Amino acid sequence: MKPDLSGMGQAGQPAPPAVMVIFGASGDLTKRKLIPALYNLAAEGLLTDELAVVGLARREMSHEQFRQKLTDDIKVFATNTVDAGLWEKFVKRLYYLRADLTEPRTYERLRDLLAQVDRNHGTRGNYFHYLATAPKFFATVTEQLGGAGLIDQEENCWRRVIVEKPFGHDLQSARFLNRDIRKVLDEEQIYRIDHYLGKETVQNILVFRFSNGIFEPVWNRRYIDHIQITVSESVGIEQRGGYFELSGALRDMVPNHMFQLLSLTAMEPPISFEADAVRDEQAKVLRAIQPIRPEEVLSRTVRGQYGEGKVDGEMLASYRDEALVAEDSRTETFVALKLFVDNWRWAHVPFYLRTGKRLPKRATEIVIQFRRAPFILFRQTGIEKLGRNRLVLRLQPNEGISLSFGAKIPGPVVRLGEVNMDFHYADYFGAKSSTGYERLLYDCMLGDATLFQRADMVEAGWEVVEPILDVWKALPPRNFPNYAAGSWGPKEADDLIQADGHEWTKCGPESGVRNDRRL
């Protein structure tokens, strides 16, 4: 029998007793994100004392050594001040198991350890397994967990698996991975995580759209000219050359992070905030993205790779000079796309997406550019043209929302200035740093999969990307590197949007316009 999930998702209730099992517990993700996120949840009163953690990795360590390691790590990676008393209680519930993930004996030992943890901490047989491993182990670990009986759900306990990205390397591998995992797991047990959806502004997209009567009536092709989604990173590949050479910016960012943002921005109102109601509407958007024909790929997509560049007087190396990167690498570190969502709401409205490494700023923004108002009223004035209203949803680094609109500049002559209404989360609700994983781990424990990808969403995203990958593979780039580190990407990205009479909106504080700016 499946566990009773009634009443799940109620905001503010402590998560139920459980054991979080982390595969790959000696890696960066555990010390930088997962343990700090769990500590933050404990500090907010959202974890019970019946929450324990079991970490698995190849390294030889005792329970005490694991606890000491994470005690040292939390001092470095905690997002807020660590309360010594709270951490002392928390650290006693950390356990470690040296593991070979391909060896069935590992899972027998894990089963025995989990039984002991259940007895010691009253975790009631509820387990959620976090696969913070290389993707090649996803299917293997899941199959072994099934063989050991560690994902079998009963009436009074639940079992779930969180899968990190990348979920597949292309459409075929994503389908195979979905097939293999679902041989032993029900879809409702699978939580495909995307840490971007843990950000407050991402979650606020739905609240902003559907709780405010002034925006939803104009959220369509009649009033919106185009939409821009930018995910820019100022850092390079940060010692991830081996991974990035196999992935590239398109695979790494677009089918997951960027399509999640696009689908939340473009979706129809769901019938409720239940997980499948929301994800049904997201999946419809992804399936409605107009396929890019092979002959359109070169005109609707741009790829780039960063070369040397100087930022603040410091010379930055090119991508090809990074560790574990081939000297003649053809891997893209920048992508720009022009897409259309082919449905009634968004017909003929272009969606411009761009993402890249070694850009001037770290920023993630969604820009809603509205159509211009008719000019006829202003023909007899000194105003030459009207501006466009712009709504900017800023996801990082300073989460908030801004709206720009035109207003008359005081004086006897009719002159128009653009003003900006700016909302910052920190100003209104206080600044509290987080890892971005708190909400996602909490939701998994509650059984709320709203912010996690479903199998059909993953495959729909890869279906859009697949034709681009095929053409790029058949026609390797001839001009890499084609943008300098510290610039906004290759010139072709500007050409892509300027061909339609638009420009990329500046990211960061400049995306909101000062009060004294004239059109």
Side-chain angles (χ1 to χ4, degrees), residues 15-42 47-74 87-134 137-138 140-154 157-164 184-185 189 191 193 437 440-442 444-445:
V19 183
M20 179 178 184
V21 183
I22 305 175
F23 291 85
S26 62
D28 276 0
L29 183 64
T30 299
K31 68 182 181 183
R32 291 176 178 270
K33 301 295 183 180
L34 301 183
I35 296 302
L38 285 176
Y39 173 81
N40 288 344
L41 288 172
L47 294 184
T48 69
D49 291 340
E50 291 79 34
L51 186 284
V53 176
V54 173
L56 292 86
R58 295 185 65 90
R59 187 184 306 177
E60 187 71 57
M61 259 190 294
S62 66
H63 299 319
E64 285 304 321
Q65 287 172 324
F66 184 56
R67 292 166 182 169
Q68 186 58 53
K69 177 184 180 300
L70 292 179
T71 298
D72 295 338
D73 291 336
I74 198 71
W87 177 255
E88 185 178 355
K89 289 176 59 179
F90 182 81
V91 78
K92 291 177 181 177
R93 292 176 268 144
L94 303 179
Y95 294 81
Y96 183 80
L97 184 66
R98 184 180 181 275
D100 179 346
L101 300 184
T102 64
E103 174 55 52
R105 176 61 182 154
T106 292
Y107 300 86
E108 295 173 8
R109 293 167 57 225
L110 175 61
R111 184 178 58 211
D112 294 341
L113 178 56
L114 287 173
Q116 176 189 335
V117 172
D118 283 338
R119 291 191 297 271
N120 291 349
H121 301 287
T123 47
R124 304 182 189 178
N126 296 327
Y127 309 146
F128 64 112
H129 306 277
Y130 197 114
L131 307 192
T133 69
F137 292 115
F138 290 169
T140 299
V141 172
T142 305
E143 181 181 357
Q144 295 281 9
L145 286 171
L150 292 174
I151 52 177
D152 298 336
Q153 298 197 111
E154 300 174 3
C157 70
W158 48 261
R159 309 283 168 83
R160 297 168 190 139
V161 176
I162 299 178
V163 185
E164 264 286 348
V184 291
L185 289 168
Q189 293 178 276
Y191 287 69
I193 196 166
Y437 281 77
L440 300 172
L441 296 180
Y442 177 64
C444 179
M445 287 183 271

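Note that the structure is predicted; figures quoted are calculated from it, not measured. Any value given below was found using the heavy atoms of this structure, including those in side chains, with hydrogens, waters and symmetry copies removed.
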Which atom pair, heavy atoms only, marks the closest approach of [X] to [Y]?
X: Leu41; Y: Met445; answer: CD1-CE, 4.1 Å
X: Trp158; Y: Pro17; answer: CZ2-O, 4.2 Å
X: Tyr437; Y: Ala37; answer: CB-CB, 3.9 Å
X: Ala15; Y: Tyr442; answer: N-CE1, 4.0 Å

> What residues form a salt bridge (charged side-chain N to carboxylate O under 4.0 Å, His left out) with Arg111, not counting sequence neighbours?
Replying inline: none
>> List the residues meeting salt bridge (charged side-chain N to carboxylate O under 4.0 Å, His left out) with Asp49, not counting sequence neighbours, and say none if there are none.
In response: Lys89
With sequence neighbours left out, write down each residue that passes side-chain hydrogen bond (donor to acceptor under 3.5 Å, both in side chains) with [X], or none if nothing qualifies.
X: Asn40; result: Thr79, Glu438
X: Tyr39; result: none
X: Thr123; result: Asp118

Nearest 0.5 Å, please: how far is [atom2] in [Y] from [atom1] in [X]?
X: Arg93; Y: Glu50; atom1: CZ; atom2: CD; result: 8.0 Å
X: Thr71; Y: Glu64; atom1: OG1; atom2: CD; result: 9.0 Å
X: Arg98; Y: Arg58; atom1: CZ; atom2: CZ; result: 6.5 Å
X: Met61; Y: Leu97; atom1: CE; atom2: CG; result: 11.0 Å
X: Asp100; Y: Thr106; atom1: CG; atom2: OG1; result: 5.5 Å
X: Thr133; Y: Leu101; atom1: OG1; atom2: CG; result: 6.5 Å

Taking only residues two or more places apart in sequence, or in another chain, which ones meet [X] in a side chain to side chain contact (heavy atoms under 4.5 Å, CB included)?
X: Gln144; value: Pro104, Tyr107, Thr140
X: Ala134; value: Lys136, Phe137
X: Arg105; value: Glu103, Glu108, Arg109

Close side-chain approach of [X] and [Y], heavy atoms under 4.5 Å:
X: Ile74; Y: Pro36; answer: yes
X: Val91; Y: Leu70; answer: no
X: Val161; Y: Phe138; answer: no
X: Tyr130; Y: Glu164; answer: yes

> Between Phe90 and Leu38, is a side chain to side chain contact (heavy atoms under 4.5 Å, CB included) present by the stated rule, with each step listed?
Replying inline: CA-CA 9 Å; Phe90 182 81; Leu38 285 176; 3.8 Å; yes
[X] side-chain N/O to [Y] backbone N/O, donor-acceptor pair under 3.5 Å:
X: Tyr96; Y: Arg67; answer: no
X: His129; Y: Leu150; answer: yes
X: Glu143; Y: Val184; answer: no

[X]: ring-ring contact (aromatic ring centres under 6.0 Å, His included) partners, not counting sequence neighbours:
X: Phe128; answer: none
X: Tyr95; answer: His63, His121
X: Tyr191; answer: Phe452

> Between Leu145 and Leu185, does a side chain to side chain contact (heavy atoms under 4.5 Å, CB included) hold up when you go through it step by step?
Replying inline: CA-CA 10 Å; Leu145 286 171; Leu185 289 168; over 6 Å; no
>> I'd like to know if the side chain of Gln116 pairs up with that of Asp112 as donor and acceptor (distance under 3.5 Å, no hydrogens or angles considered).
In response: no
>> Is there a side chain to side chain contact (heavy atoms under 4.5 Å, CB included) between Arg59 and Gln65? Walk through the geometry before answering.
In response: CA-CA 11 Å; Arg59 187 184 306 177; Gln65 287 172 324; over 6 Å; no
Donor-acceptor pairs under 3.5 angstrom involving side-chain atoms of residues 19-33: please list them, not counting sequence neighbours.
none

